[in-house]
Structures are given as structure tokens and as C-alpha cells.
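Data first, discussion second: the structure below is written as C-alpha cells.
Please read all numbers here as calculations on a predicted model, not as lab measurements.
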Amino acid sequence: MSSEQQYIELYEQARQLIFDHAPQAMNAVRDQAFADFKAQGFPSRRVERYKYTDIQQLFAPDYGVNLSRLDIPVDPYQAFRCDVPNLSTSLYFVVNDSFYRQAQPKSHLPEGVIVDSLSSHPDIVGRYYARLAHTGGDGITALNTMLAQDGLLVYVPRNQRVDRTIQVINILKATPQNALRVVPDLMVNRRVLIVVEEGAEVSLLFCDHAADDRRFLATQVIEAYVADNASLSLYCLEETHYKNTRVSNVYIQQQRDSRVRHDVITLHNGITRNKLDLDLCGPGASCSLGGCVIADKQQHVDNNTLVTHHAEHCTSHELYKYVLDDQAVGAFAGRVLVAHGAQHTESQMTNQNLTATRQARMYTQPMLEIYADDVKCAHGSTVGQLNDAALFYMQQRGISLQEARLLLQNAFVNEVIDRITLDPLRDRLRYLVEKRFRGELNKCEGCKLCK
């Protein structure tokens with residue numbers, strides 16, 4: 001059986017069950033998503049944007065899917081404790097793909113701001129859902145749209161500013177309540193919808209954790225609408241384990257004079273594939289994209305970005321850095337497309353990488369495609385090893401080789417961390433990165449479920 005066929009048969013057999021446990025706004029586009037998935041299937045490595053990750057192989061195993069929406073017994077407040085006390089956030093939880101209603105932050109959100117399940121707000125979801133994430137153009141997005149039954153809504157009304165960062169803990173858990181046996185492998189299809197209206201501001205921190213020693217396959221689709229003069233900061237931190245496979249597609253649309261910051265940090269994982277499509281649709285819009293990857297053993301991390309400048313006077317900046325050890329594999333493919341008429345565009349894309357062993361592999365492919373003549377665009381990439389002269393210099397001054405390597409690796413990735421504007425998060429990431437390099441971050445930091 002092909003990788004696609006098992007999901008086609010699953011949908012045909014369980015269609016009514018899926019519909020019964022999902023809101024109308026999600027069901028309205030479900031059959032079209034199924035038709036698109038059936039027509040195109042999973043992208044092969046012959047597809048340019050997927051050539052560094054074998055998607056068909058990732059989806060070949062037979063994963064369980066919780067289509068009946070069985071309750072998952074988790075007490076998130078007991079399970080997760082952030083070990084950096086100054087990270088003051090409004091804390092919410094998503095268990096697998098469902099918003100966890102039993103745990104709500106004590107702090108109150110500003111008037112009109114919504115952080116809730118997609119199923120609770122049909123008017124907003126009906127206006128925005130699946131408008132950016134087109135199922136006809138990507139098999140992963142089509143699969144997620146046809147199987148996702150719930151998700152997270154973040155809505156910030158016009159001119160409203162959310163001063164406190166909204167932190168969402170995504171917990172992967174494989175054991176349903178009252179189950180006769182533990183589910184060996186679980187597939188989760190998570191959906192996120194973010195709407196930031198005109199003049200509004202919000203910062204979001206998504207943290208991915210795995211609470212069971214099981215194989216997980218998590219698909220995620222995030223749609224973010226950022227209106228005129230609005231601001232969105234979106235930070236995504238992955239601390240799962242080597243049995244976890246994560247395939248995430250992020251779609252962001254920006255309007256006039258809007259500002260977006262998006263950073264993705266991978267500290268622990270198995271196989272990770274992140275795709276970002278960002279459209280600068282209004283004049284004066286700007287975005288800053290960052291990525292930090294630390295991988296070893298047989299871990300695999302693939303980041304793929306497409307930034308399209310549709311309007312004039314827009315700016316985009318990208319900085320992605322990888323440190324790869326053992327037999328780890330990293331990939332970065334970034335493309336900046338400057339459309340006709342997008343004059344006065346400024347764009348800078350940089351990818352820098354360190355490979356600590358001969359067995360580690362890094363694939364890098366920065367690209368520019370420009371159809372305007374008054375622009376300032378540049379891109380570059382490097383792959384190398386730690387500077388032998390710097391290591392020797394530090395050892396001559398009494399620093400051990402291991403500590404010298406640690407200091408240089410920290411300095412290398414801190415260029416990405418230092419760009420983060422949220423001070424408590426920046427401090428926490430420095431702490432976690434150092435622990436990761438020291439080999440002390442062996443499971444979800446702050447998570448008590450795995451003990």
C-alpha cells in the first residue's frame with residue numbers, strides 16, 4: 001500500500017466520524033482538501049521544495065489517529081513547569097490537537113482578545129480558515145485540512161495591544177483515558193489560526209513537547225493574517241525526542257506597514273520539516289525571520305522558506321544557523337521572490353552552518369528571483385567547522401578543548417538568539433542552548449511527564 005492510499009482509505013471509511021467531531025467551518029473545506037490530496041498525494045523528492053526530506057517515507061508507517069476525540073488524561077499545570085521564573089506569560093495548553101479548556105491562565109487578556117478552540121468561534125473561523133493554506137498547492141496542507149478536527153484560534157481586535165506574551169504548550173500524549181492498551185504510535189493533525197487586526201500587537205510563543213516515549217507524527221498548519229500597521233511576533237521552540245516527526249507549514253500574510261518576527265528554534269527532535277510561506281502584500285511591510293538548529297545523532301532538520309514581495313518599500317531579513325554533530329542532517333532552502341512592481345525592496349538572506357564531524361551533512365540553497373529593477377537584495381551561505389586557531393588560542397590560556405568548543409558553538413548560535421526582542425525568552429534560550437551543547441538537555445525542559 002502506498003503512503004497516500006492508507007490515508008485515502010481512512011478518510012473514505014471515517015468521513016462521517018470526522019465530520020461529527022469537527023465544526024462546520026472546518027468541514028466546509030474538508031472534501032475539497034481530500035480531493036486535492038487524492039489528486040496530488042505526498043510531494044516526492046523531485047519537487048524542488050521537498051528534495052531534502054523524504055515525505056513519503058515519513059508517512060508510510062501506520063499511525064493511530066484519535067478521530068473519536070477520546071479524552072487524554074493530562075494535568076498540564078502539574079506536568080509543565082517553566083524553570084525560568086522571569087518568563088511571565090499567559091499560559092495555554094494544546095493536548096495533541098485540542099485546546100485544553102480545563103487549564104486557563106490567571107491573568108486576563110485585554111478586551112476582545114481571544115485564545116480558544118477553533119470550534120468555539122464559527123464566525124471568525126468561517127471568515128479566515130483555509131484562505132491562506134491552499135490545499136491545491138501542497139499535499140501536507142491538504143492532508144492536514146482533511147483530517148484536522150480542532151485547533152487553536154488567536155484573535156486580536158483592532159488597535160488592541162497584548163503586553164503579556166501568550167505562551168502555548170503543545171503536548172503530545174498517546175494514552176487515551178480508559179484505554180485498554182497504550183497506543184503504540186500516534187498521528188496528530190494540529191491547526192492554528194492567528195488574526196491580528198489593524199493596529200494590533202501580539203507576541204506568541206509555541207513550545208512543542210512529547211509526554212510519552214512513543215513515536216509521534218505531528219502535522220501542523222498555521223495561518224496568520226497581519227493587517228495594516230499590525231505587529232506579530234511568533235516564536236516556535238521544539239524540545240521533543242528522537243521518536244518524534246514534525247511536519248509544519250506556516251502561512252503568513254502581511255498588509256501595509258505591518259511587522260512580523262518569526263523565529264524557529266530546534267533543540268531536540270527526531271525528524272523536523274518546517275516550511276514557511278510569507279507574503280508581503282502591502283507597502284511598507286517588514287519581516288525578520290530567524291532559525292537556530294542544534295542537532296546530533298541521526299536527527300534531521302529541514303527549514304524551507306519562501307518570502308514574496310508583492311508591494312513596494314518592503315523589507316525582509318533572514319538568518320538561519322545550524323550546528324550539526326554525529327550523523328545529523330540539516331537542510332536550508334530559502335527563496336526570496338520580488339514581484340513586478342515591488343520597487344525599493346530590501347532583502348537579506350543568510351545561512352551559516354557548523355559541522356562538527358565528517359559524517360554530519362548540511363544542504364544549503366539560498367535563492368533570489370527578482371522582477372523589479374530598483375532593489376537591494378543579497379544572499380549568502382557558509383558551511384564550515386570550528387576555527388582551529390581559536391581553539392588553540394583558548395587552550396593556550398587554560399581552557400579545555402571541550403569547553404573551548406562549547407564557548408565557540410554558543411557564540412555562533414547566539415547571533416540568532418540575540419535578535420529575539422523578548423528579553424525573558426532570549427535569556428531562557430541562552431540557558432537552554434548551553435545545556436543542549438553540554439548534553440544536559442535530554443528531554444523536554446521543565447516537563448515532569450516523562451519522569
Side-chain angles (χ1 to χ4, degrees), residues 1 3-39 59 61-74 92-103 114-131 133-136 139-155 168 170-193 214 216-223 247 249:
M1 181 183 295
S3 300
E4 296 88 354
Q5 189 59 35
Q6 63 175 322
Y7 296 103
I8 292 172
E9 293 181 2
L10 172 66
Y11 185 82
E12 291 174 338
Q13 295 169 6
R15 178 183 180 276
Q16 191 57 53
L17 180 63
I18 296 172
F19 271 68
D20 290 343
H21 291 87
Q24 173 57 32
M26 300 181 75
N27 287 337
V29 296
R30 197 177 301 281
D31 283 340
Q32 182 59 54
F34 171 66
D36 290 335
F37 177 76
K38 194 173 181 179
F59 285 84
D62 183 13
Y63 286 91
V65 185
N66 185 15
L67 299 179
S68 298
R69 317 303 291 161
L70 297 176
D71 292 334
I72 306 296
V74 176
Y92 295 87
F93 297 91
V94 172
V95 179
N96 292 334
D97 57 2
S98 298
F99 182 77
Y100 194 83
R101 297 180 180 278
Q102 289 85 347
I114 298 171
V115 180
D116 204 349
S117 166
L118 289 176
S119 60
S120 301
H121 302 273
D123 292 341
I124 298 175
V125 176
R127 290 200 304 269
Y128 292 101
Y129 183 77
R131 299 297 190 270
H134 301 297
T135 57
I140 303 299
T141 298
L143 177 71
N144 179 280
T145 305
M146 83 185 204
L147 293 180
Q149 295 171 279
D150 197 4
L152 175 70
L153 170 66
V154 179
Y155 173 79
V168 179
N170 296 314
I171 297 177
L172 295 171
K173 191 85 168 69
T175 309
Q177 190 173 11
N178 301 322
L180 296 178
R181 64 183 180 88
V182 175
V183 177
D185 305 312
L186 183 67
M187 178 182 185
V188 172
N189 298 289
R190 187 184 305 125
R191 198 70 181 223
V192 180
L193 176 61
R214 305 287 172 182
F216 292 99
L217 171 60
T219 74
Q220 174 178 265
V221 173
I222 299 177
E223 296 178 280
V247 183
N249 289 353

Listing, residues 15-23 side-chain donor-acceptor contacts under 3.5 Å, not counting sequence neighbours, or none:
| residue | atom | partner | partner atom | Å |
| --- | --- | --- | --- | --- |
| R15 | NE | D31 | OD1 | 3.0 |
| R15 | NH2 | D31 | OD2 | 2.7 |
| Q16 | NE2 | D20 | OD1 | 2.8 |
| H21 | ND1 | L17 | O | 3.0 |

Practice prompt. Check step by step if side chain to side chain contact (heavy atoms under 4.5 Å, CB included) holds for L152 and Y92.
Written response: CA-CA 10 Å; L152 175 70; Y92 295 87; 5.8 Å; no

Fill in: Straight-line distance of T219 OG1 to N189 CG, nearest 0.5 Å
3.5 Å

Item to complete: Just do the side chain to side chain contact (heavy atoms under 4.5 Å, CB included) check on R214 and L186 with the steps written out, would you?
Response: CA-CA 8 Å; R214 305 287 172 182; L186 183 67; over 6 Å; no

Worksheet entry | Beyond-backbone contact of I171 with Y100, side-chain heavy atoms, under 4.5 angstrom | no

Response to the item:
CE (M187) and CG (L10) are apart, to the nearest 0.5 Å, by 8.5 Å

Worksheet item: Considering only heavy atoms from C-beta outward, does the side chain of L193 approach that of L118 to under 4.5 Å?
Response: yes

Discussion item. Measuring only between side-chain heavy atoms, which start at C-beta, is F99 closer than 4.5 Å to V115?
Written reply: yes

Worksheet item: What pair of heavy atoms forms the shortest contact from V221 to A133, and how long is it?
Response: CG1-CB, 3.8 Å

Practice prompt. Find the distance between CD1 (I8) and OG (S3) and round it off to the nearest 0.5 Å.
Written response: 10.5 Å

Worksheet item: Atom CZ in F37, atom CG in L143: separation rounded to 0.5 Å?
Response: 5.0 Å

Discussion item. So which atom in Q32 and which in T135 form the shortest heavy-atom distance, rounded to 0.1 Å?
Written reply: O-OG1, 4.4 Å

Worksheet item: Knowing that exactly one of I140, D97, N170 qualifies, which makes a side-chain contact (heavy atoms from CB on, under 4.5 Å) with Q220?
Response: N170

Practice prompt. Report the C-alpha separation of I124 and L153 in whole Å, then their side-chain angles, then the decisive distance to 0.1 Å, and conclude whether the side chain to side chain contact (heavy atoms under 4.5 Å, CB included) test is met.
Written response: CA-CA 9 Å; I124 298 175; L153 170 66; 4.1 Å; yes

Worksheet, complete the sentence: Residues passing the side chain to side chain donor-acceptor pair (under 3.5 Å) test with S120, sequence neighbours excluded, are R101

Discussion item. Using the ring-ring contact (aromatic ring centres under 6.0 Å, His included) criterion, which residues pair with Y129? Sequence neighbours excluded.
Written reply: none

Worksheet item: Going from CD on Q149 to OG on S98, what distance comes out if it is rounded to the nearest 0.5 angstrom?
Response: 8.0 Å

Worksheet entry | Distance-minimising heavy-atom pair for S119 and D150 | N-OD1, 3.7 Å

Discussion item. Taking P122's backbone N and O only, do any of them form a donor-acceptor pair with Q24's side chain (distance below 3.5 Å, no angle check)?
Written reply: no

Worksheet item: With sequence neighbours left out, what residues match N96 under side chain to side chain donor-acceptor pair (under 3.5 Å)?
Response: none

Item to complete: Please state whether the rings of Y11 and F34 are parallel, tilted or perpendicular, taking 30° and 60° as the class boundaries.
Response: parallel

Worksheet item: Does Y128 have any ring-ring contact (aromatic ring centres under 6.0 Å, His included) partners at least two apart in sequence or in another chain, and if so, which?
Response: Y225

Discussion item. Side chain to side chain contact (heavy atoms under 4.5 Å, CB included) for L172 and R190? Distances and angles first, verdict last.
Written reply: CA-CA 11 Å; L172 295 171; R190 187 184 305 125; 3.8 Å; yes

Worksheet item: Residues in side chain to side chain donor-acceptor pair (under 3.5 Å) with T145, at least two apart?
Response: R191

